[in-house]
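Down below is the structure, laid out as structure tokens.
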Amino acid sequence: AQKITQTQPGMFVQEKEAVTLDCTYDTSDQSYGLFWYKQPSSGEMIFLIYQGSYDEQNATEGRYSLNFQKARKSANLVISASQLGDSAMYFCAMRELSTSGSARQLTFGSGTQLTVLP
Amino acid sequence: KAGVTQTPRYLIKTRGQQVTLSCSPISGHRSVSWYQQTPGQGLQFLFEYFSETQRNKGNFPGRFSGRQFSNSRSEMNVSTLELGDSALYLCASTLGLSGELFFGEGSRLTVL
């Protein structure tokens, strides 16, 4: 079964508008972390934002915020005031943690290609 | 603070050859993990090292191997290359065992 699902292969947004990229996840663990990465055409994976499963507040980092709905197992990324430089592939990922604190590997979704239109 | 450095950035090999990729983590980071990215399979976990010990291994054949040195630098090796090994190989480092992963720019391998 898919652990991370990103249902939007591609998204378009007008410059300066907000956009939401969807991500749902599947885990039976109580302790886990959710990540969003941006991958421009150069290939580098750029860390954007992190949400721990026990964090009560939604994570925010500048123009990025994570809409975390634990009961629905969703972790959508919201980008406010889109810029042309935001055009890239965006990946949602999850890292499950054991009770001992050691972590399993990062599991990635299939990604969403975001295009910001001028 | 220097980021994760991967070398070489690009390389071309032929079937049957072997290749070694190198990754220098962010200074102070002790955990290094490797991922393979292909258009068909997406991002797949290869292995993770912490303090020179392999902690996790993904579902890849034994042709894929890795190691970590005492300075936390890591190498991965692929022997008897196949066309399907053409991919972007990404290395990531993290401070401990459960923190954010910081990725390098990747090594793009083409197998002819």
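Any value given below was found using the heavy atoms of this structure, including those in side chains, with hydrogens, waters and symmetry copies removed. First the proteins, then the strands, lettered A, B, ... as listed; each starts at 1.
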Would one find more than 12 heavy atoms of other residues, nucleotides or ligands at under 6.0 Å from atom [atom1] of [X]?
| X | atom1 | answer |
| --- | --- | --- |
| Arg9(B) | CZ | yes |
| Lys57(B) | NZ | yes |
| Asn59(B) | CG | no |
| Phe12(A) | CZ | no |

- [ ] Taking all heavy atoms of Gln105(A) and all of Asn56(B), pick out the closest pair and write down the distance.
- [x]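 Shortest heavy-atom separation between Gln105(A) and Asn56(B) comes out as N-ND2, 4.2 Å.
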Task: Part of Tyr35(B) within contact of chain A (heavy atom distance under 4.5 Å) - done: side chain
Connected via hydrophobic side-chain network under 4.5 Å: [X] and [Y]:
| X | Y | result |
| --- | --- | --- |
| Met76(B) | Val4(B) | no |
| Val78(B) | Leu83(B) | yes |
| Ile26(B) | Val32(B) | no |

- [ ] Give, as side chain, backbone, both or neither, the part of Ser110(A) having an atom under 4.5 angstrom from any heavy atom of chain B.
- [x] neither
TODO: Please determine, among Gly104(B), Gly42(B), Gly58(B), the option with the most heavy-atom pairs under 4.5 Å with chain A.
DONE: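 Counting heavy-atom pairs under 4.5 Å, the top option is Gly104(B).
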Hey, what do you get for [atom1] ([X]) to [atom2] ([Y]), rounding to the nearest 0.5 Å?
| X | Y | atom1 | atom2 | result |
| --- | --- | --- | --- | --- |
| Glu100(B) | Tyr50(A) | CD | OH | 7.0 Å |
| Gln44(B) | Thr107(A) | CD | OG1 | 10.5 Å |
| Leu106(A) | Thr94(B) | CG | OG1 | 10.0 Å |
| Gln37(B) | Gln39(A) | CD | CD | 4.0 Å |
| Phe35(A) | Leu101(B) | CZ | CG | 6.5 Å |

Task: Tyr37(A) side chain vs Phe103(B) backbone, donor-acceptor pair below 3.5 Å - done: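 No, because the side chain of Tyr37(A) does not come within donor-acceptor range (under 3.5 Å) of the backbone of Phe103(B).
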